[in-house]
Each structure stands twice: as structure tokens, then as C-alpha cells.
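These notes are about the structure you will find just below.
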There are 4 protein chains.
Amino acid sequence: MRQGDKRQKILQAAIKVFARKGFFNSRISEIAKEAGVADGTIYLYFNNKYDILITIFEKEMGAIIQKVKSELAGIDDPRKKLERFAYLHLSLVEENRDLAEVIQVELRQSTKFMKEYRNKKFAEYVNIISGIVRGGQASGVFRQDVMPGIFKRAFFGALDEMSRFWILSPRKKYSIATAARQISSFFLEGILTDEARQSS
Amino acid sequence: MRQGDKRQKILQAAIKVFARKGFFNSRISEIAKEAGVADGTIYLYFNNKYDILITIFEKEMGAIIQKVKSELAGIDDPRKKLERFAYLHLSLVEENRDLAEVIQVELRQSTKFMKEYRNKKFAEYVNIISGIVRGGQASGVFRQDVMPGIFKRAFFGALDEMSRFWILSPRKKYSIATAARQISSFFLEGILTDEARQSS
Amino acid sequence: MRQGDKRQKILQAAIKVFARKGFFNSRISEIAKEAGVADGTIYLYFNNKYDILITIFEKEMGAIIQKVKSELAGIDDPRKKLERFAYLHLSLVEENRDLAEVIQVELRQSTKFMKEYRNKKFAEYVNIISGIVRGGQASGVFRQDVMPGIFKRAFFGALDEMSRFWILSPRKKYSIATAARQISSFFLEGILTDEARQSS
Amino acid sequence: MRQGDKRQKILQAAIKVFARKGFFNSRISEIAKEAGVADGTIYLYFNNKYDILITIFEKEMGAIIQKVKSELAGIDDPRKKLERFAYLHLSLVEENRDLAEVIQVELRQSTKFMKEYRNKKFAEYVNIISGIVRGGQASGVFRQDVMPGIFKRAFFGALDEMSRFWILSPRKKYSIATAARQISSFFLEGILTDEARQSS
DNA sequence: TATGAATGAGGTTTCATTCAT
DNA sequence: TATGAATGAAACCTCATTCAT
């Protein structure tokens with residue numbers, strides 16, 4: 001067996017089980033069974049149950065960040081970048097439902113996770129958004145009074161809530177593309193009609 | 001002791017403890033201690049630990065919905081309504097940090113909570129937003145192509161993520177009013193400059 | 001309310017509940033409810049849960065012994081006495097199913113009950129049987145080699161097992177009279193045919 | 001350690017503890033200690049406390065039935081069979097006091113045990129007796145008017161009550177052989193003197 | 001006497017983790 | 001490396017009993 005093959009199997013199994021049951025309701029024995037290894041084997045690769053969770057987050061978030069950054073690198077227009085980010089985020093959630101559920105739940109799960117662990121990967125991901133905003137402000141496409149630190153959270157939150165909805169509901173009313181376009185349009189142009197805009 | 005006084009004490013204690021430790025890491029004995037009652041007393045008022053959580057959510061969400069609805073009733077302009085909603089949401093979080101944390105965590109906590117319990121209260125809260133949007137569309141202030149079902153999630157998600165940030169970070173860079181104004185401005189007007197808007 | 005009225009109510013309720021659930025699975029609160037009194041009231045009349053059980057046994061066994069003794073007093077023939085005892089025993093069980101169940105279960109329940117409590121009432125009851133035997137031996141009706149100490153247990157055991165069966169099975173195949181006659185005939189005449197008897 | 005060795009140890013320990021304290025007053029921790037295993041280990045072999053009790057009953061009754069049946073197979077005369085059964089029963093009780101106590105107590109313990117669990121093993125055991133009776137009736141040794149269904153209970157009850165007495169009293173007045181002979185003689189020949197028999 | 005809310009000791013059971021093989 | 005039987009700490013919850021009213 002290839003080095004790390006078993007480790008990978010355990011991580012995949014954990015994602016499945018954590019997504020299905022939640023971290024606290026998941027049993028090490030269940031992960032072991034799902035991974036096809038013995039309970040004890042897990043402790044050869046991970047320090048404890050919580051360590052598996054952290055590892056999933058670190059590893060997968062790293063991959064996601066890589067992917068999103070490289071995809072966005074080829075786009076110049078900040079507007080397109082934002083819309084693309086929205087599409088990528090929702091697509092990734094769609095393609096990795098289990099992982100998405102784990103990250104979503106555990107991201108809030110324990111204060112411990114968020115407070116102690118001072119989530120660098122998460123910050124890096126969200127900072128892609130503020131980077132886009134700053135770029136757009138520099139090129140005069142985005143308003144100067146937009147505070148990137150607020151925007152990044154608002155934009156991420158919007159996408160994240162949409163994702164949660166999709167994870168919970170088996171069938172979607174809207175396509176990913178539609179949702180991504182709608183959400184970016186909210187943030188880019190707002191929801192006012194032209195008349196309303198002029199009158200304000 | 002007044003009827004219900006002890007029940008109330010237990011609920012307040014639970015909010016504190018759940019916020020501090022998370023639901024699964026909270027111990028009944030700790031809640032009892034915090035409430036100044038015996039462990040067993042808790043079971044005179046609640047069926048089990050989970051029942052406490054549900055009760056907190058139901059009760060407090062109910063109160064919040066009441067408050068928000070009545071506050072918004074006095075406002076006509078949909079734009080103001082939206083901004084006011086943002087402000088109220090962030091204020092409520094600020095004023096009830098522990099409760100906010102519990103609701104935030106538990107809202108995602110267990111799939112169980114969200115799937116089984118079919119969160120009516122939560123839906124009711126979020127639907128306040130879509131109601132505002134529909135009102136604005138009817139009066140021609142908001143664009144017709146805005147999908148209220150997507151908007152409500154995006155707007156709530158934005159506020160919610162902002163709240164999470166505030167709950168986790170002891171000190172805020174921005175005032176509530178600033179954040180509320182920024183976020184509503186994103187959604188109302190977008191972040192494009194006038195030039196960018198015209199060129200698009 | 002008459003003195004002792006409430007005490008009586010509690011005892012009756014306890015018999016019902018103990019019979020239904022068994023001593024250990026019975027709750028004081030359930031007895032209280034069945035008796036129509038408050039939980040605390042029970043402790044005005046009894047020291048503890050176990051005390052209720054003991055009291056039931058003492059009290060009811062006393063009454064039964066009285067009744068059986070007085071009924072048998074009018075019979076001379078030891079054979080008739082034995083058969084009458086059997087009939088009375090089975091009838092009493094039939095008429096007081098709940099009580100019978102409680103006594104039967106608790107008679108074996110805890111060694112505690114039997115060992116510590118050195119069941120005088122029970123001994124007195126069983127000794128009615130050995131009394132009959134000794135009487136019969138004195139009058140030459142019963143064989144001299146019969147050991148009354150063994151006989152009393154065998155006879156009581158036979159009736160008791162029959163009762164248990166009846167308590168457990170809702171419908172009886174045999175009438176009480178039939179069973180009483182059969183059982184006494186076993187003990188009086190045995191089950192051998194005349195041929196078998198002569199050949200032995 | 002041999003497979004099942006630990007399971008066996010737990011069962012033996014449980015028999016000891018149940019006999020000493022009764023089922024409800026026995027603590028899992030006590031059984032574990034007696035068996036020399038950790039509390040949790042018990043749950044690797046049994047679902048719960050009650051399951052241990054059931055297992056003891058099933059397993060041991062099965063063994064007893066085997067033993068008694070095979071011993072009786074070598075005897076032809078129904079009279080001898082009956083006497084032998086009595087002797088075996090009392091001997092088994094004598095040799096397995098703890099087990100006997102557990103079975104005796106739990107056999108009556110909870111209605112649950114008797115009603116829900118539909119005691120097949122127990123029925124099988126008692127039916128050995130009715131089998132003997134029917135055999136004896138077929139060969140003309142036992143009277144035709146004897147109802148085997150009543151007899152089996154009467155005979156078993158007699159032995160069982162005798163056993164209970166022995167379990168409770170440390171020292172026996174009579175030998176097992178004596179008791180077995182007396183009891184079978186009651187049932188075979190009755191207790192009437194020849195004169196009384198002829199006069200009746 | 002009567003109440004019933006409150007107590008809190010304690011038991012069953014679970015499950016992350018260990019370690020001998 | 002891998003196993004999985006064994007561990008044992010610890011938590012939820014029950015319920016007999018108390019006591020202020």
C-alpha cells in the first residue's frame with residue numbers, strides 16, 4: 001500500500017461520517033469501518049478525533065484556495081472576478097457536499113475551533129474577496145467608500161448561507177449559475193431600480 | 001419563588017454555558033451550577049439537554065421576530081426597512097452575544113436540528129427579508145429580476161457572517177451603524193462606481 | 001377523612017402498582033398518583049418504599065391466615081381439610097390477583113426479604129398445612145413416615161406454582177375446584193393405579 | 001485469553017452477584033470487579049444488564065435440561081423416573097446454589113421476564129415431568145384421571161419450594177435423597193394410610 | 001396532616017484511546 | 001504498521017426522600 005494511502009482513506013471516511021452525523025455524533029469506530037481499517041490504526045495517523053477534523057479543514061481548504069486563486073488569476077475585470085468567485089464557491093460546494101457540510105458545521109461548531117485555532121486558512125480564503133475589492137478600487141471600478149473588511153464577510157456570508165440552503169435541501173430551485181449571477185449582481189449593482197437610484 | 005422563575009434561570013444559565021462551551025461540551029451539572037439549582041431540578045422543567053436548546057431557540061427567536069417585525073412596521077420605505085433590519089440584527093447580536101452564539105452554532109450544529117426540526121422560526125425570520133423585497137418590487141423601488149428567495153439568504157448570510165466575526169473578536173473595528181449601513185448599501189446600490197455602472 | 005383511610009388507600013394503590021410493575025420498577029410517584037395523594041404524604045404513613053411492601057405482606061397475610069384458619073376450624077376430616085386448604089388458597093389467589101402477584105414476586109424477590117425479614121407470617125401460613133398433617137397422623141389417617149416439614153413445603157409449593165401459572169395466563173383451562181381436587185388427590189392418594197400400587 | 005473465556009467469567013461473576021444481591025440491587029461495577037474486568041468490557045459481550053440475566057437463564061437452563069433428559073433416558077419405570085427427576089432437581093440446586101437462586105428469583109422476578117420473554121426453556125423443563133406422566137399413563141402405571149398439565153406444575157412447585165427453603169437455610173435437616181424420596185412418594189402413593197385408603 | 005418542588009447521590013452505559021500481539 | 005479487545009473516566013438522567021409552606 002502506498003504511503004499515505006491509508007491516511008487518505010481515513011480522511012475521506014471521516015468527511016463522509018462527519019457530514020452525516022456531525023463531529024460529536026460521529027464515532028471513531030464508524031470512521032474506521034468506513035475507511036476499512038481498524039480503530040487503532042487511525043491513531044497511527046492522527047493524534048485524536050479532533051485532529052482529524054483540523055486536518056480535513058487545513059488540507060481541503062488549502063486545495064480549494066489553490067484552485068480558486070489559480071482560476072481567478074486568468075481574469076482581469078474585478079467584476080468578472082467577483083462573479084467567478086461566487087460561481088466557483090457554489091460549484092465547489094455542489095461537487096463536495098460532504099466536505100462542504102463538514103466545513104460549514106465545524107466552522108461554527110465549537111467556539112474552540114474558531115477561537116483557539118485562529119483559522120488562518122479560512123482567513124486566506126475570505127481575503128481573496130477583499131483582494132478583489134481592493135483591486136477594483138485601485139482600478140476605479142469599485143467605490144472607494146466600500147470597506148473591504150466588511151465586504152469580504154458580507155459576500156462570503158451570502159454565498160455561505162446559500163450553500164447551507166443547498167446542502168440541506170435535496171433539490172435546488174435555481175441553477176448554480178443563476179444563483180452566482182444573482183448574488184454577484186446584488187453586490188455589484190444593488191437591487192434598486194434606476195428610478196429609485198436617481199431619486200435617492 | 002415565582003412560578004417559572006427557576007425555569008427562566010435555567011434557560012439563562014444554559015445560554016451562558018452553551019455559548020461558552022458549545023452544546024456538546026456543555027454539562028448539565030454546569031448549567032445547574034450556573035443556575036443555582038440541583039442537577040435534577042433541570043429535569044423538572046425540561047425533558048433532556050436537547051430540549052433546553054430547542055426551547056432557547058424557539059423562545060428567543062420568537063421574541064426577536066416580534067421585536068423586529070414591530071420595529072419595521074413603522075417604516076414605509078423599503079430601502080429604510082432593509083437598512084433598519086440590518087441594524088436591528090447586528091444590534092440584537094451585540095446585545096445578546098451569548099444567545100447569538102448559541103443560535104449561530106446550533107443553527108448549523110447538527111443536521112438534526114435543521115433537518116428534523118424544520119426550523120419554522122428561522123424561516124419566519126428570514127422571510128421578513130423577502131417580504132421587504134417583495135414590497136419594494138411592488139412599489140417599483142426594487143428591480144423585478146431580483147429573486148426574493150435568493151436575496152433573503154444572501155442578505156441574512158451577510159449579516160450573519162458579520163455577526164460571527166463580532167462574536168469571535170472581542171473588539172470591533174467598525175460601529176454597528178457603520179456595518180449596517182455598509183451592508184445595506186452593498187445590497188441596495190452595489191459597489192460599482194457610477195462610471196463602471198454606465199460602462200457596463 | 002377517617003383515620004387510616006389514607007393509609008389504606010396507599011396500600012391498595014401500592015398493591016396495584018407493585019403487581020403491575022414489580023417492586024423495583026414501581027415509582028413512589030406512581031403509587032401516590034394511584035392513591036390520589038401527594039408523594040410526600042406517603043412518607044407520613046410509611047418509612048420508605050420497602051416499608052410499604054413489608055406492610056402489605058404482614059397485613060394481608062395476617063388476614064388470609066385468619067380467614068383460612070377459621071374456615072378450616074369447622075372441618076374434622078384431615079382429608080377434607082387438605083382439600084379445603086387447596087381450594088381456599090387458589091380461590092384467594094383468584095380473588096386477589098394483584099395481591100397474589102405481589103406476594104409471590106416479593107416472596108422470592110430479594111433474598112433480603114426472606115433472609116432479613118424471617119418471614120413469620122409466611123411460616124405461620126405454611127404451618128397450617130403441617131398442622132393438618134400432624135392431625136391426620138394422630139388420627140391414623142396419614143402415614144407416620146410422612147415428614148410434615150417436607151410435606152408442608154411440597155403442598156404449598158404445588159399450590160403456589162399453580163397460582164403463578166394462573167396469574168400469568170389470562171384464561172384458565174381448569175376450574176379452581178378441579179385444580180384443588182386434583183392437587184389434593186395427588187397428595188392424598190398419589191397417582192399410581194391400583195395395580196401399580198399392589199405390584200410395588 | 002481464550003475466546004469466550006472473558007464472557008464466561010462475566011457470566012459466572014453475574015451469577016454470584018445476582019444471587020447475593022438480587023438483580024436490581026446488583027451493580028454492573030460489582031459484576032465487573034468480581035469478574036476481574038473493566039466495567040466497559042461487559043458491554044463488549046452483553047447488550048445490557050438484563051441481557052446478562054437472560055443469557056444466564058437460557059444457557060444454564062439449556063445445560064440442565066440436557067443433563068436431566070439424558071439421565072432419565074436410561075430409566076424405564078415411570079415411578080423411578082419421577083423419583084430420579086426429584087433427586088436430580090434437588091441435587092442440581094444443591095450443587096449450583098447461586099445459579100438456583102438467580103433462576104428462582106428471576107423466574108418470578110419481573111412479570112416482564114415471564115410474560116414478555118415467554119419462557120420456552122422453563123416450559124421445556126417442566127414438560128419433562130408431564131412427559132413422564134403421560135408415559136406412565138400409557139403403560140398403565142399412572143391413573144388416567146391425572147391431568148398432566150396440573151401435575152407437572154404441582155410436582156415442579158413442590159420441588160421448587162423445597163429448593164427455596166434449602167437455599168435460604170444454611171443447614172438442611174434432611175438429606176437430598178430423603179427429600180426426593182418423600183416428595184416422590186407423596187405424589188406416587190399419597191399420604192393416606194392403607195386403612196384410610198380403603199375406607200374412602 | 002398534606003403538599004409537591006427540590007434535591008443530589010449514584011447507576012448504566014458510551015466511546016475515545018491504549019497496548020499487547 | 002496494523003489490529004481490535006480492553007479500558008475506565010465521565011455524563012445523563014432517575015427517583016426515593018426531604019422540607020418549607
Side-chain angles (χ1 to χ4, degrees), chain A residues 1 3 5-7 10 24-33 35-52, chain B residues 1 3-7 10 24-33 35-52, chain C residues 1 3-7 10 23-33 35-52, chain D residues 1 3-7 10 24-33 35-52:
Chain A
M1 184 172 282
Q3 255 304 43
D5 197 0
K6 213 161 254 191
R7 183 184 163 89
I10 294 168
F24 283 100
N25 285 320
S26 295
R27 306 295 152 226
I28 285 288
S29 62
E30 210 171 347
I31 296 172
K33 200 177 166 188
V37 301
D39 290 22
T41 305
I42 289 181
Y43 289 85
L44 297 176
Y45 296 94
F46 302 94
N47 295 324
N48 51 45
K49 191 180 160 188
Y50 191 57
D51 187 31
I52 304 175
Chain B
M1 184 172 279
Q3 236 335 36
D5 197 0
K6 214 157 257 192
R7 184 186 162 89
I10 293 168
F24 283 101
N25 285 320
S26 295
R27 307 291 151 230
I28 286 289
S29 60
E30 211 168 345
I31 296 172
K33 201 176 166 187
V37 302
D39 290 24
T41 305
I42 289 182
Y43 291 87
L44 296 178
Y45 296 94
F46 302 94
N47 295 325
N48 50 45
K49 194 179 152 187
Y50 191 57
D51 188 32
I52 305 176
Chain C
M1 183 172 281
Q3 255 303 41
D5 197 0
K6 214 161 254 193
R7 183 185 163 90
I10 293 168
F23 177 74
F24 283 100
N25 286 320
S26 295
R27 308 291 152 230
I28 285 288
S29 61
E30 209 171 346
I31 296 172
K33 199 177 166 189
V37 302
D39 291 22
T41 305
I42 289 181
Y43 289 85
L44 297 176
Y45 296 93
F46 303 93
N47 296 323
N48 51 44
K49 191 180 160 187
Y50 191 57
D51 187 33
I52 304 175
Chain D
M1 184 172 278
Q3 238 331 39
D5 197 359
K6 211 158 260 192
R7 183 185 162 90
I10 293 168
F24 284 101
N25 285 321
S26 295
R27 304 294 151 229
I28 286 290
S29 61
E30 211 167 344
I31 297 172
K33 200 176 166 188
V37 300
D39 290 23
T41 305
I42 290 180
Y43 290 87
L44 295 178
Y45 295 94
F46 302 94
N47 295 324
N48 50 47
K49 195 178 153 187
Y50 189 58
D51 187 32
I52 304 176

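Proteins come first, then strands; the chains are lettered A, B, ... in the order of their sequence lines, and each starts at number 1.
A sub-4.0 Å separation between OP1 or OP2 of dT1(F) and a side-chain N or O of Lys6(A) is absent. The side chain of Tyr43(A) places an N or O atom within less than 4.0 Å of a non-bridging phosphate oxygen (OP1 or OP2) of dT17(E). Arg27(C) has no side-chain polar atom (N or O) that falls below the 4.0 Å cut-off from OP1 or OP2 of dT14(F). Phosphate contact (OP1/OP2 of dA5(E), side-chain N/O of Tyr45(B), threshold under 4.0 Å): absent.
Atom NZ in Lys33(A) sits about 21 Å away from atom P in dA2(F), given to the nearest Å. Counting to the nearest Å, the C1' atom of dC15(E) and the CD1 atom of Ile42(D) are 16 Å from each other. What separates CZ of Arg7(A) from C1' of dA2(F) is a distance of 17 Å, to the nearest Å. The CZ atom of Phe24(D) sits 16 Å away from the C1' atom of dA16(F) (whole-angstrom rounding). Atom CD of Glu30(C) is separated from atom C1' of dG4(E) by 17 Å (rounded to the nearest Å). Rounded to a whole Å, the CG atom of Asp39(C) is 14 Å from the C1' atom of dC19(F). dC12(F) atom P lies 15 Å from atom CZ of Phe46(B), rounded to whole Å. Here the C1' atom of nucleotide dG11(E) and the CG atom of Asn25(D) are 12 Å apart, to the nearest Å.
Comparing Leu44(A) and Asn47(C), the nucleotide of DNA chain F nearest to each residue sits closer to the 5' end for Leu44(A). Nearest-nucleotide assignment on DNA chain E puts the 5′-proximal partner with Ala38(C), out of Ala38(C) and Gly40(D). Nearest-nucleotide mapping onto DNA chain E: of Thr41(A) and Ser26(D), the residue sitting toward the 5' end is Ser26(D).
On the C1' atoms, dT21(F) is 13 Å away from dT1(E), given to the nearest whole Å.
If you run side chain to side chain contact (heavy atoms under 4.5 Å, CB included) between Phe46(D) and each of Ile31(D), Thr41(D), Asp51(D), only Asp51(D) comes through.
Nearest to the side chain of Lys49(B), among dA6(E), dT7(F), dC13(F), sits dC13(F). In this structure, of dA6(E), dT3(E), dT17(F), it is dT3(E) that holds the atom nearest to the side chain of Val37(C).
Counting only heavy atoms from C-beta outward, the side chains of Asn25(B) and Phe24(A) approach each other to under 4.5 Å.
Between atom CG of residue Leu44(D) and atom CZ of residue Arg7(D) there is a gap of 11.5 Å, rounded to the nearest 0.5 Å. Atom CD1 of Ile28(C) sits about 5.0 Å away from atom CD1 of Ile42(C), to the nearest 0.5 Å.
Across every strand in view, dA16(F) sits in a pair with dT7(E) that passes the Watson-Crick or G-U test at under 3.5 angstrom. Nucleotide dT21(E): paired with dA2(F) (Watson-Crick or G-U wobble, both distances less than 3.5 Å).
Formation of a donor-acceptor pair under 3.5 Å by the Lys6(A) side chain with backbone atoms of Tyr45(A) is not found in this model.
When heavy atoms are screened at a 4.0 angstrom cut-off, Ile28(B) is found touching the sugar-phosphate backbone but no base atom.
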